[in-house]
Amino acid sequence: MNNAAYSANSGAHNRRAHRDSGLHVRGAKPRHLLRRIIIIVLLLLLVLMGAAAILGYKLYEEAQQVKVHEQQALTLLSSVQDVDQLKDSDTINEILPKIQSETSAAKTISNGALWKVASVVPVYGDDITTVRGMTSAVDSLANDVLPKLSTTLQTMLSSSLSSGNETVNLQPIVNAQSGFNAANASLQSELKTLRALPNPHLSQVKEPYDLAVEQFTSAAGAIDQVNDLIQMMPKLLGADGTYNYLIVAQTTSEARSSGGLIGSLGTFSTNKGVITVGDFHPNAEFLGLGGANSTAEEDAIFKKNLNLIYDLRGQTAFPDFSRTASTVNAIWQRSVYASHTDGVMMIDPVFVQEMIKLGGSVTLPNGQQLTGDNTAEFLLNGIYKTVPVAQQDAYFGYAASAVMNNVFSKLTAEKMISMTQSFTTLANQRHLYLYSFHEQDAKYFQGAGLARGTPSSETEPQIGIYLNQNNASKLDWYVHRKTIITRKSCNADGSQSYHVEFTAYNTIPQSDLESGNTYILGGLDNIGASGTPVESILFYSPKGGAISNFTVTGEADKPGKATMDGKQLWTSVATIAPGKSVTYAYDVSTSSKATSDLKLDQTPMGWTDEGVTYNTQACVIK
């Protein structure tokens with residue numbers, strides 16, 4: 001190979017080597033770049049992790065602050081969440097600014113940018129969302145609902161409800177209606193929003209959240225019922241003109257499902273705040289006028305022993321008061337006293353006693369004074385020992401008339417508010433019923449819980465236990481009842497499971513047994529021995545729920561299934577000898593739509609203590 005050729009080949013080789021070398025260098029640069037990128041990313045991740053740790057710690061610190069503010073606010077709220085407390089302007093003026101300071105601080109923290117970002121984090125972002133929603137709801141309660149209610153109450157309290165001449169000035173009550181309604185609507189809306197928040201995962205969030213739901217539910221229930229009664233009161237007192245009510249007086253000493261044996265009927269009329277209480281007429285004047293046109297289902301339940309529902313005295317055997325109201329009115333219209341009626345009021349001695357507390361004591365024709373402490377016992381027991389049978393209904397009628405006149409004369413706003421609160425408690429316990437025959441007014445009466453029926457709500461579940469005395473007597477004064485309702489579980493479908501124990505005791509003393517007073521002791525119709533109650537008991541499950549696994553201790557039938565008014569129930573007959581008791585234990589499941597604790601609706605006793613114990617520690621309803 002000559003030098004020229006070598007030189008040419010050598011140049012070509014060098015050019016290829018150079019190209020190869022260039023390729024090697026270009027291939028190395030991406031690898032170096034990749035390393036640099038990885039290092040940078042790792043450094044960034046470390047920085048972000050450090051920042052996240054700092055932000056996470058900051059979020060934790062702020063969450064602790066929110067928890068403290070909320071718990072302090074809720075503690076303070078517990079002292080100003082019902083109408084009695086809101087009436088005290090000094091307490092409101094002192095406590096409300098403190099509550100508002102706590103709720104505003106909590107809301108400000110939870111509305112920060114960090115919380116907004118944290119709320120989108122998977123799973124635990126729900127807890128952040130719940131905290132933010134909770135602080136907003138509690139702040140609204142403190143800054144909107146309570147001030148509005150307090151202002152409305154204070155305005156009404158400063159007004160005169162007495163126009164003189166036994167007339168009630170209704171205008172201040174009418175003026176207060178819009179304020180109550182607006183505040184109540186806000187409260188119910190906030191409660192709905194609060195309940196719809198995600199269920200917390202962290203116990204630090206769950207504890208204050210559950211407390212907030214509990215406080216809101218309690219306040220919302222109390223304010224809702226008072227609002228209903230504020231809306232109803234002008235209707236009751238004839239703001240729109242003359243209203244005539246039939247008054248039914250019944251005695252729980254001889255139990256019937258919705259109260260007790262009916263003793264007399266009277267009238268109560270109102271017109272623009274003028275109240276007139278008419279005479280009461282004993283049941284003997286109505287006994288030949290028939291009763292309800294009973295169904296075969298009702299006959300199967302009630303006609304086992306006494307014909308409970310076939311004259312005036314037994315019309316309260318129906319647990320649904322709408323049935324009682326219509327049948328009693330029908331009997332009234334067949335009597336010589338027939339008159340136009342717009343509704344029915346049913347009362348018992350416990351109602352009379354509570355109204356005496358508001359209106360003052362009543363002196364009976366025999367000189368005995370009825371007070372806020374002794375009225376129920378006298379009218380449910382003592383009267384049958386000391387007053388001749390022929391005069392007993394007249395005594396009750398006299399007491400009821402005097403009480404109704406006393407409570408509405410010289411009516412003050414404070415007395416009226418106390419009356420509405422008392423009405424709520426008495427209606428819940430079935431000592432008082434107010435029923436309107438006018439569809440447009442029904443929401444203010446039966447729609448406001450003033451005329452109870454059998455359990456009818458899936459969201460607010462109740463069980464029903466209703467007693468009917470078969471031994472013609474006044475023995476139910478001695479029948480004391482205790483019920484224990486224990487929540488066992490909150491189920492995945494939204495329903496809850498409970499265990500119920502219901503016990504009825506015969507507490508009659510030996511001295512009363514030895515008195516030989518057959519009017520009290522019964523035992524004359526071959527239905528139960530003297531001094532021994534024989535109770536036909538109806539058990540209702542919650543709407544959309546069920547009853548199961550009955551066990552019975554004592555002298556009683558194991559409950560069997562029955563149907564009445566389209567609803568399934570269980571029935572049993574219990575015989576309770578002196579000093580003995582009967583216990584029914586069973587399981588209850590609610591509807592999957594239930595959002596509140598299971599409650600008991602029952603035949604009223606001769607006192608306001610319902611004898612019910614609730615144990616809900618097993619779980620909290622969401």
Side-chain angles (χ1 to χ4, degrees), residues 255 257-258 295-298 300-302 304 317-320 430 452-468 470 479 481-505 534-576 580-603 610-622:
S257 294
S258 58
T295 66
E297 291 176 341
E298 290 166 346
I301 293 171
F302 294 121
K304 291 179 180 178
F318 305 111
D320 188 338
R430 290 181 175 259
R452 300 186 76 86
T454 52
S456 60
S457 173
E458 290 191 73
T459 57
E460 299 178 358
Q462 287 184 322
I463 53 171
I465 302 178
Y466 310 113
L467 283 72
N468 293 275
N470 290 333
V479 177
R481 298 180 239 140
K482 299 291 182 184
T483 307
I484 302 172
I485 299 178
T486 305
R487 182 151 63 229
K488 308 301 290 185
S489 64
C490 300
N491 307 316
D493 66 351
S495 65
Q496 298 92 49
S497 300
Y498 293 83
H499 184 70
V500 177
E501 287 189 5
F502 167 76
T503 303
Y505 307 83
V534 179
E535 307 280 3
S536 290
I537 309 178
L538 316 181
F539 297 91
Y540 280 76
S541 62
K543 183 177 181 181
I547 287 175
S548 61
N549 302 325
F550 264 108
T551 60
V552 179
T553 304
E555 190 178 348
D557 304 332
K558 186 172 183 179
K561 290 183 179 180
T563 302
M564 187 167 65
D565 299 328
K567 294 182 178 180
Q568 187 180 85
L569 62 148
W570 300 73
T571 67
S572 175
V573 175
T575 302
I576 315 172
K580 301 296 183 180
S581 65
V582 170
T583 297
Y584 295 85
Y586 55 100
D587 295 324
V588 175
S589 60
T590 70
S591 164
S592 59
K593 299 176 183 178
T595 58
S596 62
D597 300 335
L598 180 69
K599 298 296 183 183
L600 171 64
D601 178 44
Q602 63 177 329
T603 298
E610 296 183 284
V612 186
T613 301
Y614 295 99
N615 182 346
T616 60
Q617 295 178 358
C619 57
V620 176
I621 298 171
K622 177 63 176 73

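Source: prediction; values computed, not measured.
- Nearest heavy atom pair, residue Ile301 against residue Thr563, reads CD1-O, 4.3 Å.
- Between Tyr584 and Ile465 there is no side-chain heavy-atom pair separated by less than 4.5 Å.
- At least one donor-acceptor pair under 3.5 Å links the side chain of Thr595 to the backbone N or O of Thr459.
- Here the shortest heavy-atom pairing between Ser257 and Phe302 reads OG-CE2, 4.4 Å.
- At least one side-chain heavy atom of Lys567 sits under 4.5 Å from a side-chain heavy atom of Ser456.
- Every residue two or more places apart in sequence or in another chain that forms a side chain to side chain contact (heavy atoms under 4.5 Å, CB included) with Asn491 is listed here: Ser489, Asp493, Ser495, Ser497.
- A donor-acceptor pair shorter than 3.5 Å cannot be found between the side chains of Ser572 and Asp557.
- Put simply, the side chain of Gln602 reaches to within 4.5 Å of the side chain of Arg481, judged on heavy atoms.
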Check against side-chain contact (heavy atoms from CB on, under 4.5 Å), Ile621 and Gln496: CA-CA 8 Å; Ile621 298 171; Gln496 298 92 49; 3.6 Å; yes
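- Other residues, nucleotides and ligands contribute only 12 or fewer heavy atoms inside 6.0 Å of the CD atom of Glu460.
- In this structure, Arg430 and Ser258 have side chains that are in contact, with non-hydrogen atoms separated by less than 4.5 Å.
- Across all non-hydrogen atoms, the minimal contact from Gly453 to Tyr466 is O-OH, 4.0 Å.
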Derivation of the side-chain contact (heavy atoms from CB on, under 4.5 Å) call for Thr590 and Tyr498: CA-CA 8 Å; Thr590 70; Tyr498 293 83; 3.7 Å; yes
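- Residues Glu610 and Leu600 form no side-chain contact, since every pair of their non-hydrogen atoms from C-beta on lies 4.5 Å or further apart.
- What you find for Pro455 and Lys543 is that their closest heavy atoms are O-CB, 4.2 Å.
- Note that OG1 of Thr551 and CD of Glu501 are 7.5 Å apart. Values are rounded to the nearest 0.5 Å.
- Counting heavy atoms from C-beta outward, Lys599 and Tyr614 have side chains that approach closer than 4.5 Å.
- Two residues are said to be in side-chain contact when any heavy atoms from C-beta on lie closer than 4.5 Å; Ser541 and Gln568 fail this criterion.
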Step-by-step side-chain contact (heavy atoms from CB on, under 4.5 Å) determination, Leu538 to Thr454: CA-CA 11 Å; Leu538 316 181; Thr454 52; over 6 Å; no
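- In this structure, Arg487 and Val620 approach most closely via the heavy-atom pair NH2-CA, 4.3 Å.
- Side chains of Pro542 and Ile463 form a contact here, defined as non-hydrogen atoms less than 4.5 Å apart.
- Checking each of Thr486, Asn615, Asp587 against His499 for a side-chain hydrogen bond (donor to acceptor under 3.5 Å, both in side chains) leaves exactly one that passes, namely Asp587.
- Note on ring orientation: taking the six-membered ring where Trp is involved, the planes of Phe539 and Phe550 are perpendicular (angle over 60°, cut-offs 30° and 60°).
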Criterion side-chain contact (heavy atoms from CB on, under 4.5 Å) on Asp565 and Glu298, from CA distance to verdict: CA-CA 9 Å; Asp565 299 328; Glu298 290 166 346; 3.9 Å; yes
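- Atom NZ of Lys558 sits about 8.0 Å away from atom CH2 of Trp570, to the nearest 0.5 Å.
- Listed by chain and number, the residues in a side chain to side chain donor-acceptor pair (under 3.5 Å) with Ser581 amount to none (sequence neighbours excluded).
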